[in-house]
Amino acid sequence: MTVSFVCRTESVLPPERLFDLARSVDVHVDSQKGSGERAVAGVTSGLIGHGQEVTWRARHFGLALTMTSRITHFDYPRSFVDEQVRGPFKSFRHSHGFESTAGGSIMTDQVEFTAPLGFLGRAAEKLVLRRYLQRLIRERGRFLAAASSRTGAL
């Protein structure tokens, strides 16, 4: 069973800036310091683009996890999609959308995932994974939206 959720983040940044922050490997690493996430293969720094892959290594739930994602759709500065090509999920797709507003932009993250392990995976999706991933995406959105107040971000 596929689980999905949407998170919307408002920012004073223009969509082009928010788009680049969202595809920056370095900013992603900064935003995920709590899990020790780092890029270990593929594009390991700078901006990732269409068709490119990055392999992430992080610790979640006390487990060391490795996931390789590929950018499968890229429409600068409106949207891009990254999808797991190898990793802990049966499937994982993250769509990023960007819209201009009078005061800056709105970033819309749509995540769709399916856990492995059949019945056990479905139970984990409902009991833990959805909320955990939703919180990570919300916090990352806030981090990106506030990037204009930090130096060194791009």
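Bear in mind that the values here come from a model prediction, so they are computed numbers and not experimental data.
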Does a salt bridge link Arg17 with Asp20, judged by any charged N lying under 4.0 Å from a carboxylate O? no
With the side chain counted from C-beta on, respond yes when [X] and [Y] share a heavy-atom pair under 4.5 Å apart, and no when they do not.
X	Y	answer
Val111	Ile137	yes
Arg122	Leu117	no
Glu37	His60	yes

Cluster check [X], [Y]: I/L/V/M/F/W/Y, side chain < 4.5 angstrom:
X	Y	value
Val27	Leu136	no
Leu18	Val25	yes
Leu127	Tyr132	yes
Leu120	Leu133	no
Val54	Leu65	no

Inter-residue atom distance [X].[atom1] - [Y].[atom2], 0.5 Å rounding:
X	Y	atom1	atom2	result
Met107	Leu21	CE	CG	9.0 Å
Ile106	Ser100	CD1	OG	10.0 Å
Arg70	Gln84	CZ	CD	11.5 Å
Leu144	Ser31	CG	OG	6.0 Å
Ser69	Glu53	OG	CD	8.5 Å

Which atom names give the shortest non-hydrogen contact between [X] and [Y], and what distance separates them?
X	Y	result
Val29	Ala39	CG2-N, 4.2 Å
Leu13	Ser105	O-OG, 2.7 Å
Ala145	Ser11	O-OG, 3.4 Å
Arg138	Cys7	CG-SG, 3.9 Å
Leu129	Ala115	CD1-CB, 3.9 Å
Asp75	His73	CB-NE2, 3.8 Å

Suppose we screen for salt bridge (Lys or Arg N to Asp or Glu O under 4.0 Å). Which residues come up paired with [X], at least two apart in sequence or across chains?
X	result
Arg8	Glu99
Glu139	Arg135
Asp26	none
Arg130	none

Could you tell me which residues satisfy side chain to side chain donor-acceptor pair (under 3.5 Å) with [X], sequence neighbours excluded, listed by chain and number?
X	result
Glu112	Gln110
Ser95	Arg93
Glu83	Thr72
Asp109	His94, His96

Just by distance, no angles: are the side chains of Thr2 and Thr114 close enough, under 3.5 Å, to form a donor-acceptor pair? yes
Quick one: which residue pairs count as a ring-ring contact (aromatic ring centres under 6.0 Å, His included) with a foot in residues 6-49, not counting sequence neighbours? Phe19-Phe74, Phe19-Tyr76, Phe19-Phe80, Phe19-Phe98, His28-Trp56
Contacts satisfying ring-ring contact (aromatic ring centres under 6.0 Å, His included) that involve residues 105-128 (not counting sequence neighbours) are Phe89-Phe113
Flag, side chain of Arg23 to backbone of Ile48, donor-acceptor distance under 3.5 Å: yes
Tell me whether Arg140 contacts the main-chain N or O of Ala22 through its side chain, where contact means a donor paired with an acceptor under 3.5 Å. yes
Across all chains, not counting sequence neighbours, the side chain to side chain contact (heavy atoms under 4.5 Å, CB included) partners of Thr55 are Val40, Ala41, Thr66, Thr68
Taking the hydrophobic residues Ile, Leu, Val, Met, Phe, Trp and Tyr, and joining any pair whose side-chain heavy atoms are under 4.5 Å apart, which ones share a cluster with Val85? none
